[in-house]
Amino acid sequence: MEEVDVEPAITNIPAASGGKHLGFAWGPGDILVYETLYKASGSGSSFIHEVRKDEDIYSPILRKLFNESHHIFVGLQTIREDLPSKNKKSQFVSISKNYRSVIRACMEELQQVVSILLAIELIWNLCEVLFIDAAPAGSLLLHLLDWVRLHKADVDEKAREVLQSESPAEHPDYCDVVVSYVLQGRLEEARQMLVKQATLQPAARNIDFFFLLLIHGIISPMPGGTQTLTDFDVKWRLWHEEVDRCLQDNSFASNRHLELICKILVGDEDTLLEHKELLSTWYHFLVTRLLFCHPTVKPTELHYYAQSCMTMFLDSRSVPEPLDNILLAAFEFDIHQVIKDCSIALNNWWFVAHLTDLLDHCKLLQSHNLHFGSNLREFLLLEYASGLFTHHSLWQLAVDYFDHCPEFGRVYLELQIEHVPLDTERKALKVLRICEQRQMSEQVRSICKIMAMRALRNNRLGSALSWSIRAKDAAFATLISERFLQDYCARGTFSDLDLIDNLGPAMLLSDRLTFLGKYREFHKLYGEKRFREAAKLLLSLMTAKIAPRSFWMTLLTDALPLLEQKEVSPHQRFSRLWKNLYHLCLPFQEEDMEQTKVELLRLALARNLAMAIVKEGTMET
């Protein structure tokens, strides 16, 4: 089936009986066949609907995503295998961040929230933390906090509104902003917001005490830095006990706001679940719970906490969304399930193809091969690239993806390249260059023949000849050479002189092309008044028998002016020439051409032949 490079057309075929009609719509990579009782008059029929498999390819913004990520993909393939693992890991993390920055840039250009892009970036970021960066216990939580903050940034906008008001501490969203900051572990920002309230109540000792805890960094110490994980765990437990003691002693009972924050700091589940609206998602709830209850969580323990948090957060009657299942599979370190679920849930192959390629370079997918021979990476890249080939400009990107699929990439490229519509000569040259660079000789010949036939139908002989030479098609070159000679006979001049004058070794492709090139050379010699050389070349063209018979009379006519040239006609070395020309002229009969012209040629040749013989005899005596 040939994909089209334009908007899909819709065709209706009347059925043989029953008053039913069969319709089908050709589209990029797909065909929709349907039965209808209605006799549609054309594409404007209200009963016909156009269906596409991969609508995203036609989105201008997502085309930017495809273009930009292509450069990152090509760069990834150039990373040397012999580099130390530590060096490669930093490169892989950097490449992952580049992919995410492209997604972010597309979202910013759209200037609106696009759920599919948000989901893609959310999943990719988590896979980067868990699989590519593979953060250990301690720093793992810091990465997860950054992950949540990046995807829950609405608190910053709300905080700006609060701070820009005349009395921030009295703003209706003030408490929500402080609590949101605490839920995200952004305690310094929470402290700055609390300062606004302290200025209104300078004598509040509870608040001063709370500030003291924050200022000295005793509140929820973060893992990382130079301290060991054991040292951190000891400090964190002491801090946790201190905050819990303050709650038990009702130290903040006079200030419900501070008491609420303290309950969050000790990880009170009921308090956290009461703020579902601020958390908004179960995975935000998960990270907050880990921060205040299990800050030294190990990667292998994540799946347990993820499952329990999702169960606690979601309503018992609600069914998890596909995104929930994908994230849960990631927390379970089930890479293949993540890829499988994303392939089903997302409406294009871009995400799974690029993520799988990166994970494969990280040596995380080596053990997973498909039954029909290609590994998972190659299978997804082939699917993605095949989709790109249905687009009028993105097909060029697909070539590089096929190039980096060692098992089936070449086969796919050979099949797909034949379906690229050769709308213009410029596009044909692009396709041809791709095929020539990859020694795809069969496709090169096919493209050249198509373009040569198209040029010939449009009477563009020069272009047709050029394409036939590139195709090394001797038969077609002969046909076009015949057309050049016919045009010369009709008009008396050659078209496309630049091409004919610069044929070079290409003229040896066929006898007729050789004759065309040499005959043009004869005209150049004659124009430069190099009559002797012109006469020799003319004789060789006639005696070599590569000239078409229909062109003989033209050659003989061309010889007439030479007979009158002093450098040629009487010279003894040209007696053989005139003798041969005379005998060549004899076979022509009246039905072949005008008898008068034949007689004139014979007389001129006889006279010059006699003069040459006399000249030769005189010199011998």
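Values below: every heavy atom of this structure, side chains too, minus hydrogens, waters and symmetry copies.
Listed for the Glu383 side chain is no donor-acceptor partner under 3.5 Å among the backbone atoms of Trp349. Side-chain atoms of Arg410 come within 3.5 Å of backbone N or O of Arg438 as a donor-acceptor pair. Ser94 contributes no side-chain N or O that, together with a main-chain N or O of Ser90, makes up a donor-acceptor pair within less than 3.5 Å. The backbone N or O of Ala135 lies less than 3.5 Å from no partner atom in the side chain of Asp133, so there is not a single donor-acceptor pair. In terms of modelled atom types and a separation under 3.5 Å, the side chain of His361 and the main chain of Asp357 share a donor-acceptor contact. Although no hydrogens or angles enter the test, the distance criterion places no donor-acceptor pair under 3.5 Å between the side chain of Ser96 and the main chain of Phe92.
Below 30°, between 30° and 60°, or above 60°: for Trp147 and Tyr283 the angle between ring planes is between 30° and 60°, a tilted geometry. Between Phe331 and Trp282, the ring planes are perpendicular. Angles over 60° get that label, and only those under 30° would be called parallel.
Under the ring pair (Phe, Tyr, Trp, His ring centres under 6.0 Å) criterion, His404 pairs with Phe73, not counting sequence neighbours.
Heavy atoms only, all atoms of each residue included: Phe66 and Leu397 are closest at O-CD1, 3.7 Å. The shortest heavy-atom contact between Leu355 and Cys127 is CD2-SG, 4.0 Å. Taking every heavy atom of both residues into account, Lys152 and Leu278 meet most closely at CE-O, 3.3 Å. The minimum heavy-atom distance linking Ile132 with Lys89 is given by the pair O-CE, 3.9 Å. The minimum heavy-atom distance linking Thr296 with Ala137 is given by the pair O-CB, 3.8 Å.
To the nearest 0.5 Å, atoms CG (Asn125) and CD (Glu121) are separated by 5.0 Å. Here the CE-CG distance, from Met310 to Leu328, works out to 4.5 Å after rounding to the nearest 0.5 Å. Atom CD of Glu241 is separated from atom CH2 of Trp236 by 9.5 Å, given to the nearest 0.5 angstrom. Remark: Glu269 CD to Lys263 NZ distance equals 14.0 Å, nearest 0.5 Å. Residue Arg104 holds its CZ atom at 7.0 Å from CG of Leu118, rounded to the nearest 0.5 Å.
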Step by step, work out the side-chain contact (heavy atoms from CB on, under 4.5 Å) result for Leu415 and Phe402. CA-CA 11 Å; Leu415 292 172; Phe402 284 140; over 6 Å; no
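If you check the side chains of Arg289 and Ser308, you find a donor sitting under 3.5 Å from an acceptor.
Dense packing is recorded around NZ of Lys276, with more than 12 heavy atoms of other residues, nucleotides or ligands lying under 6.0 Å away.
Remark: aromatic rings of Tyr412 and Phe389 are distant, center separation not under 6.0 Å.
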